[in-house]
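When reading the values below, keep in mind they use all heavy atoms of this one structure, side chains included, and skip hydrogens, waters and symmetry mates. Just so you know, ligand 1 is whichever comes first in the structure, and atom 1 is the first atom listed for that ligand.
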Amino acid sequence: MIETPTDEQPAGTAPAAHDATPSSPQSQRALAALSGVAAGAAALGAGELIGAFRAPEPGPVIAVANRVIDLAPTWFVELGKSIFGLADKPALIVGTVVLSVVFAAILGLVSLRRIQLAVGGLAAFGLLGAIAIATDAQGSLTGALITGGIATAVGITALLTLIRRVPRSSVPSPSPTTGADLPTPIENPIDPKVNRRSFLTWAGGVSATAAGAAVLANSVRSRSSVQEARTSVALEPEVDEEVQGWLDAAAEADLGVGQELTPLVVEDGEFYLIDTALVKPQVDPTTWSLRISGMVDTPIEISYDELLERSTTVAPVTLSCVSNEVGGGLVGNAIWQGVPLVDLLEEAGVQEGATQVASRSIDGWTCGFPTEAVFDGRTALVAVSMNGEPLPVRHGFPARLVVSGLYGYVSATKWLTDIELTTIEGFDGYWIPRGWSKLGPVKTQSRIDTPRRRETLVAGQPTAIAGVAWAPDRGVDKVEVSIDNEWVEATLSDELGADAWRQWMVSWTPTPGDHVLAVRATDGSGDTQTADLAPPAPNGATGWHTIGVRAE
Ligand SMILES: Nc1nc2c(c(=O)[nH]1)N[C@H]1C(S)=C(S)[C@@H](COP(=O)(O)O)O[C@H]1N2
Ligand SMILES: [Mo]
């Protein structure tokens, strides 16, 4: 007897018996994997959409990627950076999605034989997302239950719906037995495409809906952006004038070498960017406040408006990253405006023995540095503005720390929410257990911006060798350039302050052939940069930036 396959099989028919269109085992497996992928996509799409309404709580994808960043061993993070460079975060998100797709495809295959196991796998997948949301600095248990629960339910429903519609293989099993409940081999099939087409319609529909949900999630999430709140912030007008004064001074001090030389004040768009945030925190300034607590006499809490009002100190400070290679670009100078940290700490009253200033961002990143740094006279600000504008979101809106002379990883908390006085032994910031030094004073460095390495110059034509040098908070006193092993003292731009970098230049007329150029700076305390090469880890690279050029 031949069953009459129709396109409209009643739902709930036992998988093995329901569909008799011939289909090779390979194509059956492919369609089962596809069911899994579509179901996984449905789960992710649903999770992202529900999650978007709970912003700034992250959706499942970002939450899982956040946990990968937190838990990944240092070598894995470094590998990611070396392969993907500054695109390491998008790569991580794509990687999370790709792994999910692979896992979902496997669940689809499993579901052909053991549907309960596949459903269990989807539930585990949902649980993983839920745990990631629950443990996120911006997540919650409620969010985990709602988002994880709905995503899991949608995924399981989609899998059950699709797997039932996979056309079953008509090839007899390797050890055929005669039994009435086995699918009957077909000799006279109706158009085999019909059921396959029906399946593909369902699978396509589920996938398209999932993609639509993801797109919608994205637009819902971007509505919660703080960009608008940021642009309506009014900074104090008199202070504005002071910032303008610094910007003018910087423009005046510029050596005028040209575009190849980094300007003394780096604009937001050109300023380097380093953080662990996959999605830049969107902090509503009206509900934000800064808490100062721990080993203090009176814990204090300051609103954004109060902080703005008190932000009357303006200073050019060069910020740099400990990961910067010799000659690298992870350094920038800006005009920062804020409240001196010393004023806030004096108000709170630092207790005896509070040897560390620890701080935390809204997304749970932390760092800390010796309390002495706040009281030794250097520039240390809770900053609300960069180059006369409210802090850009990616540089920490509404407030961040800027401490001269310390690398960013120990001091420069963006999206700052908490400052806690503790002991040096009592707390380790985010990067310390990941192999970076507890203390992070900035090493004196200098960089050749022009000419570029391996650039071909015109022999006999006067050429500027120029760059920047920094040694916050000691200041740069001298820069020397070695041209084929002969040291020449460079001209320096007027000093904006000991916290800010200086431009330097030497005019040189190259002779035909290959040349080697190197640079070294001497800081305000008379120490000259060491020639010894050291990599960035664990406490900052050393060595002279050296390049080869050719003149023809
Ligand atoms: N919240 C938060 N703040 C952070 C970081 C971070 O990962 N999260 N990274 C720090 C590091 S390592 C550096 S070098 C500086 C970089 O600041 P920028 O991105 O504004 O240049 O921010 C610091 N502040
Ligand atoms: Mo950094």
Side-chain angles (χ1 to χ4, degrees), residues 56 58 65-66 69-70 72 74 77-78 80-81 86 88-89 92 136-138 262 265-283 288 290 317-325 328-338 357-369 380-387 389-419 428-443 445 470 472 501 535-541:
N66 275 342
I69 293 185
D70 290 351
T74 307
V77 176
E78 289 309 314
K81 278 192 196 147
L86 289 177
D88 60 338
K89 300 221 175 67
L92 178 58
D136 199 279
Q138 291 179 281
T262 308
V265 171
V266 181
E267 286 173 35
D268 162 31
E270 304 290 319
F271 206 94
Y272 82 99
L273 207 58
I274 291 285
D275 55 62
T276 58
L278 287 167
V279 177
K280 304 299 170 217
Q282 306 287 315
V283 184
W288 174 92
L290 169 64
V317 178
T318 297
L319 198 65
S320 62
C321 184
V322 69
S323 308
N324 198 30
E325 305 273 353
L330 300 179
V331 53
N333 185 68
I335 311 296
W336 307 95
Q337 170 187 343
V357 178
S359 59
R360 176 183 299 273
S361 69
I362 199 154
D363 61 335
W365 186 83
T366 55
C367 71
F369 55 87
L381 300 174
V382 173
V384 295
S385 139
M386 176 182 181
N387 300 335
E389 299 286 333
L391 279 183
V393 170
R394 55 184 162 193
H395 292 296
F397 181 82
R400 77 173 303 169
L401 286 173
V402 173
V403 183
S404 177
L406 297 180
Y407 286 123
Y409 83 105
V410 290
S411 69
T413 308
K414 306 193 271 188
W415 315 289
L416 177 69
T417 57
D418 280 281
I419 293 175
D428 280 340
Y430 182 89
W431 284 112
I432 311 310
R434 290 168 173 82
W436 296 84
S437 296
K438 180 91 186 195
L439 302 179
V442 176
K443 296 178 181 177
Q445 264 300 342
W470 60 97
W501 65 12
N539 60 9

What protein heavy atom sits nearest atom 19 (O) of ligand 1, and how far off is it? K414 NZ, 2.6 Å
among protein heavy atoms, the one nearest atom 11 (C) of ligand 1 is G408 C, 3.7 Å
Between W288 and T417 the two heavy atoms that sit nearest each other are NE1-CG2, 4.0 Å
Identify, by atom number and element, the atoms of ligand 1 in contact range of C321, meaning under 4.0 Å from any of its heavy atoms. 14 (S)
List every atom of ligand 1 that sits less than 4.0 Å from any heavy atom of F271, numbering the atoms from 1 in the order shown and giving each element. 21 (O)
Distance from atom 21 (O) of ligand 1 to nearest protein heavy atom, with residue and atom: Y272 O, 2.7 Å
Within the distance-only criterion (no hydrogens, no angle test), does the side chain of N387 pair as donor or acceptor with the backbone N or O of V266 below 3.5 angstrom? yes
Using a 4.0 Å cutoff against the non-hydrogen atoms of D363, which atoms of ligand 1 qualify? 1 (N)
Any donor and acceptor pair, going by atom type alone, linking the side chain of W415 with main-chain N or O of V393 inside 3.5 Å? yes
Ligand 1 to S361, heavy atom cutoff 4.0 Å, flagged ligand atoms 1 (N)
Y409 heavy atoms, cut-off 4.0 Å: which ligand 1 atoms fall inside? 11 (C), 12 (S)
Filtering I274, L401, V402 for the heavy atom nearest atom 12 (S) of ligand 1 leaves I274
Under 4.0 Å from a heavy atom of T413: give me the atoms of ligand 1 that qualify, with their elements. 3 (N), 24 (N)
Tell me the protein heavy atom at minimum distance from atom 24 (N) of ligand 1, and give that distance in Å. A412 O, 2.9 Å
Counting only N and O atoms by type, is there a donor-acceptor contact under 3.5 Å from the side chain of K414 to the main-chain atoms of I274? yes
Could you check atom 17 (O) of ligand 1 against the protein and tell me its nearest heavy-atom contact, residue, atom and distance included? R400 NH2, 3.0 Å
Of Y407, W365, W436, the one whose closest heavy atom lies nearest atom 4 (C) of ligand 1 is W365
Using the test ring pair (Phe, Tyr, Trp, His ring centres under 6.0 Å), find all partners of F397 that sit at least two apart in sequence or belong to another chain. Y304
May I ask you to decide whether D275 forms a salt bridge with K280, counting only side-chain N to carboxylate O separations under 4.0 Å? yes
N324 backbone acceptor or donor facing Y272 side chain under 3.5 Å: no
Residues pairing under salt bridge (charged side-chain N to carboxylate O under 4.0 Å, His left out) where one sits in residues 389-412, two or more places apart or in two chains, turn out to be D268-R394
Tell me the closest heavy-atom pair linking Y409 and P538, and the distance in Å. OH-O, 4.0 Å
Quick one: sort the W431 and W436 rings into parallel, tilted or perpendicular, breaks at 30° and 60°. perpendicular
Check whether any N or O atom of R394, backbone or side chain, sits under 3.5 Å from an N or O atom of ligand 1, and answer yes or no. no
Checking the N or O distance criterion of under 3.5 Å, is ligand 1 in contact with W415? no
Distance filter under 4.0 Å to L273 heavy atoms, resulting ligand 1 atoms: 19 (O)
